[in-house]
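One is the number of the first residue; the rest follow in order along the sequence. In each ligand, atom 1 is the first atom listed, and ligand 1 is the first ligand listed.
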Amino acid sequence: MPGRCLKWVTMLLPALAMAEPLATPETSPLLSVSGEISVTNTGNEAHFDRGMLESLPRQSLSTSTVVTDGVNHFEGFLMRDLLEYLGTNGDTVVALALNDYRIEIPRDDFYAYDVLVADTMDGKRLTPRDKGPLWIVYPRDDHAELQDIRYDYRWVWQLHHLEIQ
Ligand SMILES: Nc1nc2c(c(=O)[nH]1)N[C@H]1C(S)=C(S)[C@@H](COP(=O)(O)O)O[C@H]1N2
Ligand SMILES: [Mo]
């Protein structure tokens, strides 16, 4: 019986954590989110440091990419989980990168596919030198339709800001 209770508590914990107000970053923020969100911690935006991002449910994905050789193993969190966490309300996610690259991504992508916001590749933390701190990674090898230039544009590396529209 105690084992059963523990199981339920463990299952419910992530849901409870999500209902909590968003903490404030303790180290420099890696990602900020603005626009149609209902959870904020810095003015109208939600700012996340590494610890906060690492507390989102972890997810991994192995895929080839158009800019690396072979198959790489990525870890991070699902973009969908972040959108849900922030209570987003909008059809479009605008992704901005450190090199000022900007692209609009339909929100539906993140519900149709398990799109990762990766912070590690092959067990190594992504840095701004190698596509970090965050890289939007599609499960390219699992879906033929994702092997298309339309999606290649959406693999934003050096991601640092999202605007929900
Ligand atoms: N941060 C950032 N991400 C980006 C880009 C960019 O210029 N900056 N280019 C996009 C485009 S147009 C493509 S096709 C893929 C691969 O770009 P690359 O071949 O120039 O590396 O990354 C996408 N992600
Ligand atoms: Mo491109």
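Contact atoms of ligand 1 toward D152: 13 (C), 14 (S), 15 (C), 22 (O), 23 (C) (distance under 4.0 Å to a heavy atom of the residue). Contact atoms of ligand 1 toward A97: 1 (N) (distance under 4.0 Å to a heavy atom of the residue). Below 4.0 Å from some heavy atom of N99 lie the following atoms of ligand 1, by number and element: 1 (N), 2 (C), 6 (C), 7 (O), 8 (N).
The neighbour count for E26 CD, taken as heavy atoms of other residues, nucleotides or ligands under 6.0 Å away, does not exceed 12. The environment of CG in D152 is crowded: more than 12 heavy-atom neighbours from other residues, nucleotides or ligands sit within 6.0 Å.
When each of H47, H161, E163 is tested with S34 by the rule side chain to side chain donor-acceptor pair (under 3.5 Å), just one qualifies, namely H161.
Salt-bridge formation is detected for the pair D114/R80: a Lys NZ or Arg NE/NH1/NH2 atom is positioned less than 4.0 Å from an Asp or Glu carboxylate oxygen. Checked for salt-bridge contact, R150 and D148 meet the test: a charged N lies under 4.0 Å from a carboxylate O. In summary, D109 and R154 engage in a salt bridge, as defined by a charged side-chain N under 4.0 Å from a carboxylate O.
Inclusion of Y153 in the set of residues having an N or O under 3.5 Å from an N or O of ligand 1 is not warranted. Looking at W157 next to ligand 1, an N or O pair under 3.5 Å apart turns up.
Contacts between V67 and ligand 1, counted as non-hydrogen atom pairs separated by less than 4.0 Å, involve the side chain only.
Protein heavy atoms are absent from the 4.0 Å sphere centred on atom 20 (O) of ligand 1.
When the options W135, Y101, W155, Y151 are ranked by their closest heavy atom to atom 7 (O) of ligand 1, first place goes to Y101.
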